[in-house]
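Below is one structure, written out as structure tokens, with a few remarks after it.
Just so it is clear, the structure is predicted and the values come from calculations on it, not from any experiment.
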Amino acid sequence: VYTITNLIYQGETNGKIVTYNYRVDIEGYSFYVQISKIGAMIINISGYGKADQKNITEKEAKAIAPSFASAMGIENMQPVWVSADENVYYVNLAYTYQDIIYYPDLIKVKIDKNTGIVIGYEATNYATNHVTRAQKSPTISSSDAEEKVSTALTVNTIRLTVIPNEFVGETLCYECIATWKDYEYYVYINAETGEEENILRVVKTSHGDLIE
């Protein structure tokens with residue numbers, strides 16, 4: 001994807017995924033890169049942005065991230081969350097198939113605001129969770145799911161997602177993105193039982209928006 005000016009092998013890491021490690025110099029940046037020993041998948045890229053004039057918009061960052069994943073050989077990734085600090089955009093990508101977003105298959109991409117260069121990439125969740133799945137179908141409608149959301153919230157968007165369970169397995173849910181006053185919430189309603197599986201709130205900080 002970029003022109004490599006220097007490449008130094010730095011040994012192996014025997015973690016959750018065994019990797020070969022490299023220092024890679026690219027277009028004025030220096031990165032630490034980990035590549036899986038099995039499958040030769042890039043698992044991690046870490047580097048730093050540059051403090052300079054800001055040239056890249058959030059919309060452009062949301063296009064750069066899946067394009068980079070595609071260049072890494074990973075297709076059908078959709079931006080599901082974007083946050084930013086002074087010099088960097090953080091874009092979370094999730095695998096999407098037949099209009100269902102699979103949150104277990106997550107890739108995190110870090111983009112320099114000044115140049116649009118990808119300076120961070122973390123694909124451990126995708127590497128460990130992505131499999132060919134049997135297609136799931138909801139047994140309740142999106143309007144049924146919306147009725148399960150607190151009437152204090154105003155639901156603005158509903159979409160089908162698969163979320164990881166707390167300990168093991170996955171659950172098909174309607175993700176209801178809703179607001180109350182100046183707060184934004186993500187409410188997950190089980191698409192088979194209608195039960196509320198989880199609720200998250202967006203928290204605004206000096207380092208960008210977070211979900212808790």
To the nearest 0.5 Å, tell me how far Asn76 CG sits from Tyr95 OH. 5.0 Å
Once rounded to the nearest 0.5 Å, what's the spacing between atom CE of Met77 and atom OG1 of Thr96? 7.5 Å
What heavy-atom pair brings Ala127 and Ile17 nearest, and what distance separates the two atoms? CB-CD1, 3.8 Å
Is it true that Tyr174 and Tyr97 fall in one hydrophobic cluster, defined by side-chain heavy atoms closer than 4.5 Å? yes
Asp112 and Tyr29: CA distance, side-chain angles, deciding distance, side-chain hydrogen bond (donor to acceptor under 3.5 Å, both in side chains) verdict: CA-CA 11 Å; Asp112 190 324; Tyr29 294 85; 2.8 Å; yes
Examine Tyr9 and Phe31 and state if one hydrophobic cluster contains both, with Ile, Leu, Val, Met, Phe, Trp and Tyr joined whenever side-chain heavy atoms are less than 4.5 Å apart. yes
For Ser70 and Glu75: C-alpha separation, side-chain torsions, deciding distance, then whether side-chain hydrogen bond (donor to acceptor under 3.5 Å, both in side chains) applies. CA-CA 5 Å; Ser70 178; Glu75 304 292 347; 2.9 Å; yes
Tightest non-hydrogen contact, residues Leu172 and Pro138, listed as CD2-N, 3.7 Å
Does NZ in Lys110 sit with more than 12 non-hydrogen atoms of other residues, nucleotides or ligands closer than 6.0 Å? yes
With a 4.5 Å limit on heavy-atom distance, are the side chains of Leu160 and Asp99 in contact? no
Would you say Met41 and Leu7 are hydrophobically clustered, going by side-chain heavy atoms of ILVMFWY under 4.5 Å? yes
Once you round to the nearest 0.5 Å, how far does OH of Tyr186 lie from CD1 of Ile163? 14.0 Å
Side chains of Thr154 and Thr179: does their closest heavy-atom pair fall under 4.5 Å? yes
Are Tyr90 and Lys108 packed together at the side-chain level, in the sense that at least one heavy-atom pair is separated by less than 4.5 angstrom? no
Minimum-distance pair of heavy atoms, taken over all atoms of Ile74 and Tyr121: CD1-OH, 3.5 Å
Side-chain donor/acceptor of Ser150 to backbone N/O of Ala152, under 3.5 Å: yes
Check Ile189 against Gly194 and note the closest heavy-atom contact, atom names and distance. CG2-O, 3.6 Å
What heavy-atom pair brings Val91 and Pro79 nearest, and what distance separates the two atoms? CG1-CB, 4.1 Å
State, yes or no, whether a side-chain contact exists between Val80 and Thr161 at a heavy-atom distance under 4.5 Å. no
How long is the straight-line distance from OH of Tyr102 back to OH of Tyr126, given to the nearest 0.5 Å? 12.5 Å
Tell me whether Tyr48 is reachable from Val109 by hopping between hydrophobic residues (I, L, V, M, F, W, Y) whose side-chain heavy atoms are closer than 4.5 Å. no
Backbone of Asn14 reached by a side-chain donor or acceptor of Lys37 within 3.5 Å: no
Could you check whether any side-chain heavy atom of Thr19 comes within less than 4.5 Å of a side-chain heavy atom of Asn44, counting everything from C-beta outward? no
Applying salt bridge (charged side-chain N to carboxylate O under 4.0 Å, His left out), which residue pairs with at least one partner in residues 123-137 are found, sequence neighbours left out? Asp105-Arg133, Arg133-Glu170
For a side chain to side chain contact (heavy atoms under 4.5 Å, CB included) with Thr171, tell me which candidate from Thr193, Asn198, Asn165 qualifies. Asn165
Is the shortest heavy-atom distance from the side chain of Ile100 to the side chain of Gln135 under 4.5 Å? yes
Test Glu122 against Thr124 for side-chain hydrogen bond (donor to acceptor under 3.5 Å, both in side chains), laying out the working first. CA-CA 6 Å; Glu122 204 278 307; Thr124 301; 2.4 Å; yes
Are Tyr20 and Tyr32 linked, directly or through intermediate hydrophobic residues, by side-chain heavy-atom contacts shorter than 4.5 Å (ILVMFWY only)? no
Is there a side-chain contact (heavy atoms from CB on, under 4.5 Å) between Ile26 and Ile117? Walk through the geometry before answering. CA-CA 10 Å; Ile26 299 171; Ile117 296 289; 6.0 Å; no
Drop me the distance from Ile119's CD1 to Asn87's CG, to the nearest 0.5 angstrom. 8.5 Å
Over 60° means perpendicular and under 30° means parallel, so tell me whether Tyr188 and Tyr103 are parallel, tilted or perpendicular. perpendicular
So, applying side-chain hydrogen bond (donor to acceptor under 3.5 Å, both in side chains) with Asn21, which one of Gln10, Gln34, Glu12 is it? Gln34
I need the minimum non-hydrogen distance between Leu93 and Ala69, along with the two atoms involved. CD1-CB, 4.0 Å
Show the numbers, then the answer: is there a side-chain hydrogen bond (donor to acceptor under 3.5 Å, both in side chains) between Asn190 and Glu195? CA-CA 5 Å; Asn190 190 306; Glu195 297 294 321; over 6 Å; no
Hey, what do you get for CD1 (Ile140) to CD (Glu147), rounding to the nearest 0.5 Å? 9.5 Å
Count the heavy atoms belonging to other residues, nucleotides or ligands that lie under 6.0 Å from CD1 of Ile38, then report whether that count exceeds 12. no
